[in-house]
Participant: 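Provided herewith is a single structure, encoded as C-alpha cells, for subsequent inquiry.
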Amino acid sequence: MNRAQRMRIGERLRRMGLPVVSPSYEALARQAADEVLVTSPDGTVSFLSPSFSRRWNLDRWGLVGRDAFEWIHPEDRDRARERLRQACLPDAGPVDSEHRYLVRSTGEVRWCRVRFSDARHERGIRGVIWNCLDTTEERRALEALRFAADHDALTGLPNRRSLFETFAAATATGATCGLVLLGLDGLKAVNDRQGHSAGDEVVRRTAERLARAVGGDAVLARLDGDEFAVLVTGAERTVGRAVAVVAERCVRAVREPVTLGGRSVVVTAGAGTALAAAAAPDPQDRVRELFQHADVALAAAKAVGGDQAVPFSRSLLDARHDRAELAADLRQAVAQGELEVVYQPLVDLSLGSTVGVEALVRWQHPHRGAVPPDVFVPIAEDSETILDLGAFVLDRALRASAGFHRAAGADVLVSVNLSGHQLLQPELAGLVADALARHAVDPAALCLEVTESAAVADLSAARETLLRLRALGVRTALDDFGTGYSSLSYLRRLPVDKLKIDKSFLDDVADGQGVAVLSGIAALASGLGLTTVAEGIETDQVARLVAEAGCTWGQGYLFARPLPEAAVHEHLARQSGRRGPQNLLWRSTTA
C-alpha cells in the first residue's frame with residue numbers, strides 16, 4: 001500500500017470517528033504470526049492485519065467500521081463481548097477468550113483463541129488489540145485423542161473406561177444400573193480360518209446389530225476382542241426387567257449369520273446379567289462388583305453352551321468361589337504328586353487280548369473325596385495347571401511302562417492324553433523326548449492322544465507338533481472322533497496313527513444305520529492306514545458288532561474299568577504267554 005492509499009484510508013477512519021493506526025504498527029502487524037484486529041471497546045473495527053483478511057478471505061479495508069462480533073458464532077458472542085469488556089476495565093491487563101468463528105463464504109465453523117489487550121492509550125493504536133490464533137486443528141486433534149481414549153478403535157463404540165464413567169454419572173443421580181456382559185463364541189475360529197481382517201469385519205457387523213438391538217435406552221460398549229457390555233439405567237422397579245429384555249435381544253441379534261465373501265459365518269454370544277448393589281460407599285467398588293457378578297453369570301452361560309442369557313445369582317458366585325478353592329487345591333495336589341494314575345486296557349477285538357492301556361488321572365481330595373476328572377480337568381485347563389498335570393501323567397505312565405512290558409512279556413502300548421494347551425507348546429516334543437530317555441522307554445511304546453476339537457482349534461500348530469512327535473517315533477491318536485468337526489480333510493492333514501471313535505457312535509450300533517455309520521468310519525480309517533479304537537464297549541453284543549464293522553481295537557467296561565498300576569500287572573501276567581481271549585477277572589466290574 002502506497003502513501004496516497006494510506007492517506008485516503010486515514011481520512012476515511014477520521015470521518016468515521018475512528019483512530020488511525022500508525023504505519024509502524026501496521027508494519028509490525030504485517031509480520032506477526034497471529035491475526036490482528038484493532039477495535040473500539042464495543043467491537044467496531046479500525047484495523048485488520050493482512051493475515052486476518054487472508055485467513056478469512058475478506059476485504060481487509062472494506063471491513064473497517066464493521067462490528068467484529070458479526071463473524072463470531074451467535075452462541076459465543078455474549079461470552080466474547082464480556083471478555084472484551086473485562087479487558088477494558090482499569091488495570092485489567094490482557095484477557096483471553098476462545099470462541100468459534102463463522103466463515104461466511106463456506107459456512108465452516110472454526111475455533112479461535114483471542115487475547116484482548118487494551119491499547120486505547122497507546123499512540124498510533126488507540127484501540128483494543130485482538131491477537132487471534134486459529135486453534136481449529138489443535139482442537140480437532142485433541143478431540144480425536146479424547147475420542148480414542150474413550151472409544152474402541154474398531155467399532156467406534158465406547159470402551160471400558162467410558163462405560164465406567166457413565167456408570168459413575170448414573171449412580172450419582174440415584175439411578176439403578178444393570179449390566180449385560182456379552183462374550184462372542186466362534187470368533188477365534190473365524191480368525192484362524194479366514195484371517196483377522198475377516199474377524200474384525202464380523203466384530204464390526206456384530207457391533208452394528210447390537211447397537212440396533214440396544215437402541216437408545218442403554219449404553220453399548222466394546223470391552224475387549226470378543227466381549228461387549230450394555231449398561232442399562234433407570235428406576236429400580238424397572239431395570240431388572242429391562243436388563244433381561246436387552247440381554248435376550250442381544251443374544252438373538254448375534255446369532256444371525258454374517259456373510260463374508262459369499263460364505264455364511266455364524267458366531268453366537270453368551271450373556272451374563274447383573275444389577276448393581278443398592279448401596280456401597282465407594283462407586284468404584286460398586287462398578288467392580290457389578291462387573292464381577294455379570295462375569296460370573298457369563299461364565300455360567302458359556303458353561304452350558306452359550307447362545308443364551310444367564311442372570312447372576314448368589315449360588316453362581318458361591319460356585320465360582322468353590323471352583324477357585326478347588327483350583328488352588330489342585331495346584332497343590334499336582335505339585336506334591338498327590339494324584340493317582342490308573343490304566344484302562346485297550347483290547348485287540350480279533351484276538352481278544354490286551355495290547356495297550358490308556359493312562360487316566362484320578363484325584364482323591366482329602367476333604368471332598370473323589371473329584372471326577374470332568375470336574376477337575378476343565379479347572380486345570382483354565383490355568384497353567386494343565387501343563388503340570390499333563391507332565392505328571394506322562395511321567396507316571398512312562399515310569400509304569402517298563403513294568404507293564406515285563407508283566408506281559410511283550411510290548412504294551414501306553415496311551416497318554418494331551419490337552420489343547422499342551423498341544424500348542426512349541427517345546428512339547430523336547431519334553432516328551434526327555435521323559436522317554438529318563439525312563440528308558442521305546443518311543444514306539446508311547447501313544448499320545450489329542451481330542452478332535454483341540455487339534456482343529458489351531459490346525460497348523462497341531463500339525464507341526466504332531467509331526468515333531470512322529471519324528472521321535474511316538475505314535476499319535478485322534479480322540480473322540482465324531483464329537484467335533486468330523487471333516488475328512490482334517491484326517492488327511494493330521495499325522496495320526498489311530499482313530500478313537502467316540503462312544504456316542506456305539507449307543508445305536510444295534511440298528512442297521514448305526515452299523516453302517518460305524519462301518520463307514522472303520523473303512524475310511526483303514527483306507528488311510530489308521531488303527532480304529534471303539535470307546536465305551538459295555539456288552540458282548542456291542543463288542544461283536546463293532547468287530548464286524550471293521551474296528552481294530554476296543555475299550556470299555558466290558559473288558560475292564562480303569563485299574564491301578566498293580567492290578568494292571570496282574571491283568572497282563574494272567575494273559576502272558578497266550579494269544580487267546582483276555583482274562584475275565586475284571587469283567588465282574590462291568591457296568
Side-chain angles (χ1 to χ4, degrees), residues 342-360 397 400-401 404-405 407-418 442-452 470 474-483 491 494-507 509 514-515 517-563 568 571-572 574-576 578-584 586-587 590-591:
V342 294
Y343 304 87
Q344 187 170 27
L346 300 169
V347 176
D348 185 319
L349 294 174
S350 62
L351 300 175
S353 57
T354 297
V355 289
V357 293
E358 179 182 0
L360 303 167
S401 177
F404 297 158
H405 180 89
D411 289 337
V412 175
L413 188 71
V414 176
S415 289
V416 176
N417 293 287
L418 290 179
D442 182 355
L446 173 64
C447 180
L448 294 175
E449 300 183 9
V450 298
T451 63
E452 183 182 356
R470 173 172 277 187
V474 171
R475 303 183 197 184
T476 56
L478 189 65
D479 196 8
D480 295 340
F481 179 77
T483 61
L491 284 181
L494 290 170
V496 294
D497 303 291
K498 294 180 172 49
L499 188 66
K500 299 193 73 174
I501 303 171
D502 187 72
K503 181 181 182 299
S504 59
F505 285 91
L506 276 62
D507 291 340
V509 73
V515 171
V517 170
L518 198 60
S519 298
I521 295 174
L524 168 67
S526 177
L528 294 173
L530 305 179
T531 298
T532 48
V533 183
E535 299 180 283
I537 298 176
E538 298 182 355
T539 67
D540 289 308
Q541 180 191 24
V542 170
R544 177 177 55 79
L545 292 173
V546 166
E548 290 174 356
C551 292
T552 317
W553 293 358
Q555 180 180 7
Y557 286 179
L558 173 66
F559 308 116
R561 291 178 179 269
L563 305 172
V568 176
H571 176 83
L572 294 171
R574 285 173 176 266
Q575 179 180 281
S576 178
R578 59 190 179 89
R579 293 176 55 85
Q582 90 155 31
N583 75 81
L584 304 181
W586 308 108
R587 290 188 57 167
T590 55

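When a residue number appears, it is its place in the shown sequence, counting from 1.
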Participant: For Val515, does its backbone N or O pair with a side-chain atom of Ser519 as donor and acceptor, under 3.5 Å?
Facilitator: yes

Participant: Do Val357 and Phe404 have side chains that get closer than 4.5 Å, going by heavy atoms?
Facilitator: yes

Participant: Against Trp553, only a single residue in Thr532, Val355, Val347 fulfils side chain to side chain contact (heavy atoms under 4.5 Å, CB included); can you say which?
Facilitator: Val355

Participant: May I ask you to decide whether Arg470 forms a salt bridge with Asp497, counting only side-chain N to carboxylate O separations under 4.0 Å?
Facilitator: yes

Participant: When you check the gap from the basic side-chain N to the acidic O, do Glu535 and Lys500 get nearer than 4.0 Å?
Facilitator: yes

Participant: Looking only at non-hydrogen atoms, find the nearest pair between Gly554 and Phe559 and report the distance.
Facilitator: C-CE1, 4.0 Å

Participant: Is the shortest heavy-atom distance from the side chain of Cys447 to the side chain of Val474 under 4.5 Å?
Facilitator: no

Participant: Got a donor-acceptor contact below 3.5 angstrom from the Gln344 side chain to the Ala560 backbone?
Facilitator: yes

Participant: So do the side chains of Cys551 and Leu349 get within less than 4.5 Å of each other, counting heavy atoms only?
Facilitator: yes

Participant: Within a strict 4.5 Å, meaning less than it, do heavy atoms of the Leu518 and Phe505 side chains meet?
Facilitator: yes

Participant: Please report the interatomic distance OG(Ser415) to CG(Leu448), rounded to the nearest 0.5 Å.
Facilitator: 8.0 Å

Participant: Using a 4.5 Å cut-off on heavy atoms from C-beta on, say whether the side chain of Pro345 contacts that of His571.
Facilitator: yes

Participant: Are the side chains of Leu506 and Val546 in touch, meaning some heavy atoms are under 4.5 Å apart?
Facilitator: yes

Participant: Are the side chains of Leu413 and Lys498 in touch, meaning some heavy atoms are under 4.5 Å apart?
Facilitator: yes

Participant: Would you mind telling me which of Val450, Asn417, Asp502 makes a side chain to side chain contact (heavy atoms under 4.5 Å, CB included) with Asp479?
Facilitator: Asn417

Participant: Specify the closest pair of heavy atoms between Tyr343 and Ala397, including all atoms of both residues, with the distance to one decimal.
Facilitator: OH-CA, 3.6 Å

Participant: With a 4.5 Å cut-off on side-chain heavy atoms, are Thr354 and Leu346 touching?
Facilitator: no

Participant: How far apart are the C-alpha atoms of Leu563 and Val568, what are their side-chain angles, what is the distance that settles it, and do they pass the side-chain contact (heavy atoms from CB on, under 4.5 Å) test?
Facilitator: CA-CA 6 Å; Leu563 305 172; Val568 176; 3.8 Å; yes

Participant: Show your reasoning for whether side chain to side chain donor-acceptor pair (under 3.5 Å) applies to Thr531 and Thr552.
Facilitator: CA-CA 6 Å; Thr531 298; Thr552 317; 5.1 Å; no

Participant: Can you check side-chain contact (heavy atoms from CB on, under 4.5 Å) on Leu499 and Val533, steps first, answer last?
Facilitator: CA-CA 6 Å; Leu499 188 66; Val533 183; over 6 Å; no

Participant: Can any side-chain N or O of Asp348 pair as donor or acceptor with the backbone N or O of Leu351 at less than 3.5 Å?
Facilitator: yes

Participant: Before giving the answer on side-chain contact (heavy atoms from CB on, under 4.5 Å), spell out for Leu530 and Val496 the whole-Å C-alpha distance, their side-chain angles and the decisive distance to 0.1 Å.
Facilitator: CA-CA 8 Å; Leu530 305 179; Val496 294; 4.3 Å; yes

Participant: I'd like to know if the side chain of Thr476 reaches the main chain of Pro495, judged simply by a donor and an acceptor atom lying under 3.5 Å from each other, with no hydrogens or angles considered.
Facilitator: yes

